[in-house]
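In what follows, chains are A, B, ... by sequence order, proteins preceding strands, each numbered from 1. Just so it is clear, the model here is predicted, and its values are computed rather than measured.
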Amino acid sequence: MPVNHDFDVIIIGGGITGAGTARDCAMRGLKVLLIERSDIATGATGRNHGLLHSGARYAVKDSESAEECIRENKILRRIAANCVEVTGGLFITLPEDADSGFGLDYQATFLEACNKAGIEARAISPREAIQMEPSVNPTLIGAVVVPDGSVDPFRLCSANVTDAVLHGAKVLVYTEFLDFIREGDTILGVKVRDSRTGETAEYRAPVTVNAAGIWGHGVAAKAGVKIGMYPAKGALLVFGHRVNNVVINRCRKSADGDILVPGDSVTVIGTTSTKVPFEECDHMEVTPDEVKLLLREGCALCPSLASTRILRAYAGVRPLVADDSDPTGRSISRGIVCLDHETRDGIKGFVSITGGKLMTYRLMAELATDAVCRKLGVNKTCTTAETPLPGSMDGRIESVSKRFEGKPSAGQKGAAGRQGDMVGKIRFDTDADKQLVCECENVTLAEIKYAVRELGVSNLEDLRRRTRVGMGTCQGTLCIRRAAKALAEALGKPEMAEKLAADYLDERWKGMRAVGWGDTLREMEFMQRVYKFEKPYSYDEV
Amino acid sequence: MQETNISAKNFEQCQKCSLCETVCPVMANNPKYAGPKRSGPDGERYRLKNGIFFEDSLKYCLNCKRCEVACPSGVRIADLIQQARIDYGRKAPKLRDMMLASTDQMGPLAGAFAPIVNFSLGLAPVKGLMHATIGVDKHRTLPKYSSETFVHWYKKHAEAAQDAYKKQISYFHGCYANYNYPQLGKDFVAVMNAFGIGVQLIPEERCCGVAKIANGMIAAATRDAKINIEAFLRSVKEGREVVTVSTTCTLTLIEEYPELLKVDNSEVRDHISLVEQYLYKGIASGELKPVWKDGFKARAAYHCPCHQERLGWGIFTTELLKMIPGMELIELESNCCGIAGTYGFKKENYKVSQAIGKPLFDNIAAVAPDYVACECETCKWQIEMSTGVPVKNPVSILAEALDLEKTAAANRK
């Protein structure tokens, strides 16, 4: 019986790897289906620093990763201008680093390694470093400038998905992978369930790509394949505003809490690294010890963090993979792992792409797509390194803002920063459209309507990822009812507003609880009063 | 963990409660103004990200600081707005703004030709011309200039007698008392002398700089601020407290110098006081002994200027005035008069300025006092122009109510 192929390739996982693979496959002319159990960018993609690595961090220990990073760094600046901010980065040496063997001798080693990997790095004096970034710890004894930057992972993921769709891909969010359709040792497709309606469906394709990050472990298991994965939790803290405008790193062996990244309207410190059981991957909570550690290390980079309000804490899980060549499974690779399960395990029509990092997602996608094409016998070359993403033809708020009639309002400038050159699709028809819904983050009603219309939004979390609504200082306290009403109406389900708002606040509360002191605690009190929570939340873990 | 959450001007302490918006007089009257929360702490977060988020509409803030008085979190909202205007605003001020702001340079210039200047500034065609060319609203009459400055009068008639007093203070008269209304300075000297206090001038006194700050002339304001603070420091070291008559000058010396001009005043700020505060404390402690005139009678309405609200010192004035036998003092509801220094003189602000002041004007009309008591000179112009009710500085009221000779005798003992 001939198999009815709905698609050429099915990709499981709507993180950056899956989104990038979907884009690449679609651009090479394949019929693509992308399935994601939740919203896009909800796993590790949405839960990291948002650091545009120069590769310097890996230069000394892992020159291969370093070279990959700087190559991709340069590519992303070109193709994802609207998702990337070229801030520059510093690697600083503190007096205490000299005591632990990472003094200026190490800096020299570091510089040499950077230059060898093709990373432009140069040492500057402590005074020059303070001039470049006034918030840096003034006791530093040395600094190296590298081409680090920040990258907005939500935006990057969304732009890849948008472009995949523009090239004909079908994207199903809130669609959970249940099992494979299998015949002997061949994977024929997937069985899925819509997590909102509970309806199940089957989709078929000659190749299925597992791009499910840490959850890829379980996906592979359904095919009877074992990938030795190690979930490594990383916790991060978000500070209320931009404390630094240049990325600050410690020039020493990689450790906890040694990167401070300015991203959009905030600054993020991270991260930690703890091995966690698979069961915990869906319920990450940041512990008081992690908060203390991050704060202590953050203050070493930038002393003013000691008195800067922390908006929230969050954690993600890195999908670390054990090296196949090491039978003990102890040797962990941070590199890209692309597995053709036919040659590795004798399972046909199945590819896993994992390991790697946000920075190298495009290269991962290229490798995975190459594997898919090989299986399909398609001979098309990858063009993702040259083709800008939607919204990124122009990455400067200044010039994008000029596309509006007259002087751009705060909300229009905010949208220009977030949506890049897609702003033309945002319609400011009425006075109400121009009104701000979220005042902390300059989000207008028009931008919300645009996100619902064009970017596939079904709840406030989805909307937040696309517009930053409710991500500011008040964490939604002042705006979330307005936003909920606007969203519910745009979805044509006005009765949903109350529930949308409540779900959103629950989620915000979780992140605030870990850092519930000082002004964040006051904000939490204020939130409780405004919403008259029937049963006040407990402070057990504060 | 963290001891405090403090960011520049406390902006991150903002809980977004929006109380400031409920007290902002501009927001209620000018839809172009985004209000204190958005212009201040909200805007600051985005300006830190990219200067493009600076909004021109920040110029509509009249810096009354009522938002700061209302803020339960101690955010220096108005300072944030002024700071942003300094950091991101247009660098070169307009001719009009320079003229309005340079009170200390225009003063001597105009004073020399006072009769002609006052006459012509009051003429309808001249007003019309200024409205059309430089944008000073035609409804306004620019403050009159005096042909003899206070300093000139002081040197001629008062200076010689001052050294005889045992107690000495330094008087920061400000531009208004010097160039526009020397009678205020004369009243000040008379009252102080009656209490047995010698009045010394500050030879290097410069304009406090408030108008220059408001109009973006920061370098000039900073230069003047440094000269003033050094002079205050010498005065304080020589044992003379600095006493002022203008609430706005005082707020500028105490708060704006360190916050906006980054001029350190920590060694002198506790030695600067408004005359009402200085006198109230002296009288309340028994150190100063007033003797009041028999048969003094007045019905006064007290208007607390916005910057007095911010200083929190209005209570000294009202308590001082209540000491006067025969004084019926009615405290007006706290409202901004709308002039805000040079703000109301600009033609683009005239309508809003009058709309802001309306509740106050209505309040004054309903009370119908003999006069309004108020420490601020620009409130005085606004209230007199808009209500026809005369406005007196509390020092001038004291000069009328005190039996100066008997007071002098009582304080000699």
Chemist: For a quick test of reading the model, state the closest non-hydrogen atom pair linking B:D42 to A:C440 and the distance between them.
Modeler: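 Nearest pair, atom of B:D42 first, then A:C440: OD2-N, 4.2 Å.
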Chemist: Just by modelled atom types, is the B:L48 backbone N or O under 3.5 Å from a matching donor or acceptor in the A:R242 side chain?
Modeler: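 Answer holds: no.
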Chemist: At a 4.5 Å cut-off on heavy atoms, which part of B:F54 comes close to chain A: side chain, backbone, both, or neither?
Modeler: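 Backbone only.
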Chemist: What is the minimum heavy-atom distance between B:I52 and A:S401, and which atoms define it?
Modeler: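 In this case the closest contact between B:I52 and A:S401 is CD1-OG, 4.0 Å.
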Chemist: Which heavy-atom pair separates B:C14 from A:T473 by the least distance, and what is that distance?
Modeler: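 Closest pair (atom of B:C14, atom of A:T473, distance): O-CG2, 3.8 Å.
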Chemist: For A:R481, does the CZ atom have more than 12 heavy-atom neighbours from other residues, nucleotides or ligands under 6.0 Å away?
Modeler: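 No, because the 6.0 Å sphere around CZ of A:R481 holds 12 heavy atoms or fewer from other groups.
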Chemist: Check A:E439 with B:K37, please: is the shortest side-chain N to carboxylate O separation under 4.0 Å?
Modeler: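 Salt bridge present between B:K37 and A:E439.
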Chemist: With rounding to the nearest 0.5 angstrom, report the CD to CG distance, B:Q13 to A:D519.
Modeler: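 Separation between the atoms: 4.5 Å.
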Chemist: So, taking the atom named CZ in B:R38 and the one named CG in A:L436, what distance separates them when rounded to the nearest 0.5 Å?
Modeler: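 So the gap between those two atoms works out to 4.5 Å.
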Chemist: Could you check which of A:N442, A:V266, A:N245 has the highest count of heavy-atom pairs closer than 4.5 Å to chain B?
Modeler: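 Looking at each option in turn, the highest pair count goes to A:N442.
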Chemist: How long is the span from the CZ atom in B:F53 to the CD1 atom in A:I397, to the nearest 0.5 Å?
Modeler: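 The distance works out to 4.0 Å.
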Chemist: Name the region of A:L305, side chain, backbone, both or neither, that has any atom closer than 4.5 Å to a heavy atom of chain B.
Modeler: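 For A:L305, the contact with chain B is made by the backbone alone.
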Chemist: Less than 4.5 Å to any heavy atom of chain B: does that hold for the side chain of A:Q475, its backbone, both, or neither?
Modeler: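 It is neither, since no heavy atom gets under 4.5 Å.
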Chemist: Is any side-chain heavy atom of A:F239 less than 4.5 Å from a side-chain heavy atom of B:E12?
Modeler: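 No, too far: nothing below the 4.5 Å cut-off.
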Chemist: Hey, which of A:C299, A:G417, A:C474, A:C479 has the most heavy atom pairs under 4.5 Å with chain B?
Modeler: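 Of A:C299, A:G417, A:C474, A:C479, A:C474 has the most heavy-atom pairs under 4.5 Å with chain B.
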Chemist: Assess whether atom NZ of A:K485 is packed by more than 12 heavy atoms of other residues, nucleotides or ligands within 6.0 Å.
Modeler: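 Counting other residues, nucleotides and ligands, NZ of A:K485 stays at 12 neighbours or fewer.
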Chemist: Using side-chain heavy atoms (C-beta onward) and a distance below 4.5 Å, is A:K407 in contact with B:D56?
Modeler: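 Side chain of A:K407 against side chain of B:D56, heavy atoms only: contact under 4.5 Å found.
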Chemist: Does B:E333, at its CD atom, have more than 12 non-hydrogen atoms belonging to other residues, nucleotides or ligands within less than 6.0 Å?
Modeler: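 At most 12 heavy atoms, drawn from other residues, nucleotides or ligands, come within 6.0 Å of this atom.
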Chemist: Measuring heavy-atom distances to chain A, does B:S73 have an atom under 4.5 Å in its side chain, in its backbone, in both, or in neither?
Modeler: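 Its backbone and side chain both get close to chain A.
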Chemist: Measure A:S265 against the heavy atoms of chain B and call it side chain, backbone, both or neither at under 4.5 Å.
Modeler: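 For A:S265, backbone and side chain are both near chain B.
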Chemist: Do the non-hydrogen side-chain atoms of A:K413 and B:Y46 ever get within less than 4.5 Å of each other?
Modeler: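 Contact flag for A:K413/B:Y46 side chains = no.
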Chemist: Can you tell me if B:E267 has over 12 outside heavy atoms packed within less than 6.0 Å of its CD?
Modeler: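 12 or below, so no.
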Chemist: Identify the heavy atoms of B:K49 and A:D264 that sit nearest to each other, and give their distance.
Modeler: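 Answer, listing the atom of B:K49 first, then A:D264: NZ-OD1, 3.1 Å.
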Chemist: Heavy-atom pairs under 4.5 Å with chain B: which of A:G472, A:S409, A:A410, A:G414 has the most?
Modeler: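 Ranked by contacts with chain B, first place is A:A410.
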Chemist: What are the two closest heavy atoms between B:R45 and A:G240, and how far apart are they?
Modeler: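 The answer is NE-O, 2.7 Å.
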